[in-house]
2 protein chains.
Amino acid sequence: MTTEYFREQLKLKGLKVTPQRVAIFEAVANLRNHPTADHIIDYIKNNHPNISVGTVYKVLDSLVENQLLKKVKNEKDVMRYDAILQQHHHLYCSKTDQIEDFVDYELDKIITDYFSKKKIKGFKVKEISLQITGEFNNNSIHTK
Amino acid sequence: MTTEYFREQLKLKGLKVTPQRVAIFEAVANLRNHPTADHIIDYIKNNHPNISVGTVYKVLDSLVENQLLKKVKNEKDVMRYDAILQQHHHLYCSKTDQIEDFVDYELDKIITDYFSKKKIKGFKVKEISLQITGEFNNNSIHTK
DNA sequence: TGCTCAAAGATAATAATTCTCTTTTAGTAA
DNA sequence: TTACTAAAAGAGAATTATTATCTTTGAGCA
Ligand SMILES: [Mn+2]
Ligand SMILES: [Mn+2]
Ligand SMILES: [Zn+2]
Ligand SMILES: [Zn+2]
């Protein structure tokens, strides 16, 4: 996924294409492990040694607002971000803070079918995702 | 659910039964809407006008640790707590911060069945729950 | 009834995030 | 290409949630 792609996405949303926005957007996508603001800052330090933390938070907010990123719910006092917008689920490790993506179309179909029949009264569903909590086997943690 | 019940639960876990612990535990259970530490403090102000916020956080931590409460993941920078331990899901309102419980045994069975067949390799599942994001119809918000 | 250790209270410290203000710059139009 | 301008970035202070430290209190137990 090239830098040009990220610039384009920003443009499509009517956002000014700044080096900071591109770098932050790209960082979340490349890091892939649902990074925190801090992870992102570390990651872009080389090319942006003096980026302001306020900028990072503001950019993340606006990317989320413009639906180019999503926040990832978790039970720590630090927000995490996700560049994958398509429907997917998350594996939460209760030992480490690792969060991995879990994609399963068959499961998605089952759930979609179920909720197309059974409506939740008084609530309009926009999105359904699973949070799967458990533990990774140490040896199978794929860092790349 | 009587106060005696909460005292008993604490005792069963080998925790000292203090008025603060009982009050906080009871508050989360009675409030029912996945309160924050702050909500809890407000709620118990009458009976415990001088409770220390540090105490509230420490008690909440230890109740979670002892599996008498659960943290509720959400995408705000404030933790929320749940006294319902049995398997259930959450409806997240994207307009307000309302989080409501959603219980559905049929759905649980479908998901359990699915995962009993299809294992996730490299990951030992402990718990699966859905986060259902959407919007409540204003008129059907049940505050009690 | 008194001991003792764990818990509560008070308050300072920390960490994540937001805010305010000044400077810079991307986009646009002369 | 240049100049203008609104929006964004930077710097740093402020805020908020949470945690830590230290002293005092009190629950459980002999
Ligand atoms: Mn914090
Ligand atoms: Mn915070
Ligand atoms: Zn993800
Ligand atoms: Zn709940």
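Here is how names work: the chains are called A, B, and so on, in the same order as the sequence lines, proteins then strands, and each is numbered from 1.
In this structure, Leu63(A) places its CG atom 15 Å from C1' of dA7(D), rounding to the nearest Å. Atom CD1 in Ile51(A) sits about 17 Å away from atom P in dT24(C), given to the nearest Å. Look at CG on Asp77(B): it is 7 Å from P on dT18(C), rounded to the nearest Å. One atom, CG of Asn50(B), and another, P of dA10(C), lie 6 Å apart when rounded to the nearest Å. Across the protein-nucleic acid pair, Asp38(B) atom CG and dT15(D) atom P stand 17 Å apart, rounded to whole Å. Taking atom CD1 of Ile24(A) as the reference point, atom P of dT17(C) lies 13 Å away to the nearest angstrom. Atom CE in Met79(B) sits about 12 Å away from atom P in dT17(C), given to the nearest Å. Distance CG (Leu10(A)) to P (dA8(D)): 11 Å, rounded to an integer number of Å.
Comparing atom distances between the Lys16(B) side chain and each of dA6(C), dA9(D), dT17(C) picks out dA6(C) as nearest. Distance from the side chain of Ala37(B) is smallest for dT18(D) among the nucleotides dT17(C), dG28(D), dT18(D). In the set dA10(C), dG10(D), dG28(D), the nucleotide with an atom closest to the side chain of Ser52(B) is dA10(C). Which of dG10(D), dA8(C), dA8(D) sits closest to the side chain of Arg21(A) comes down to dA8(D).
Here the side chains of Leu10(B) and Leu68(B) are in contact, with some heavy-atom distance below 4.5 Å.
The side chain of Tyr57(B) places an N or O atom within less than 4.0 Å of a non-bridging phosphate oxygen (OP1 or OP2) of dT18(D). Within the structure, a side-chain polar atom (N or O) of Gln20(A) is placed less than 4.0 Å from OP1 or OP2 of dG10(D). Not one side-chain nitrogen or oxygen of Thr18(B) sits closer than 4.0 Å to the OP1 or OP2 atom of dA27(D).
Two residues, Thr36(B) and His48(A), neighbour DNA chain D, and the one matched to the more 5' nucleotide by heavy-atom proximity is His48(A). Toward the 5' end of DNA chain D, the nearer of the two residues Arg80(B) and Leu15(A), judged by each one's closest nucleotide, is Leu15(A). Two residues, Lys11(A) and Lys58(B), neighbour DNA chain C, and the one matched to the more 5' nucleotide by heavy-atom proximity is Lys58(B).
Between Asp113(A) and Lys117(A) there is no salt bridge, since none of the side-chain N atoms of the basic residue sits less than 4.0 Å from a carboxylate O of the acidic one.
A donor-acceptor pair under 3.5 Å links the side-chain atoms of His88(A) to the main chain of Gln86(A), judged by distance alone. The backbone N or O of Pro35(B) lies less than 3.5 Å from no partner atom in the side chain of Arg80(B), so there is not a single donor-acceptor pair. Looking at Thr55(B), its side chain never comes within 3.5 Å of a backbone N or O of Ile51(B) through a donor-acceptor pair.
Using a 4.0 Å heavy-atom distance criterion, Thr55(B) is classed as a base contact.
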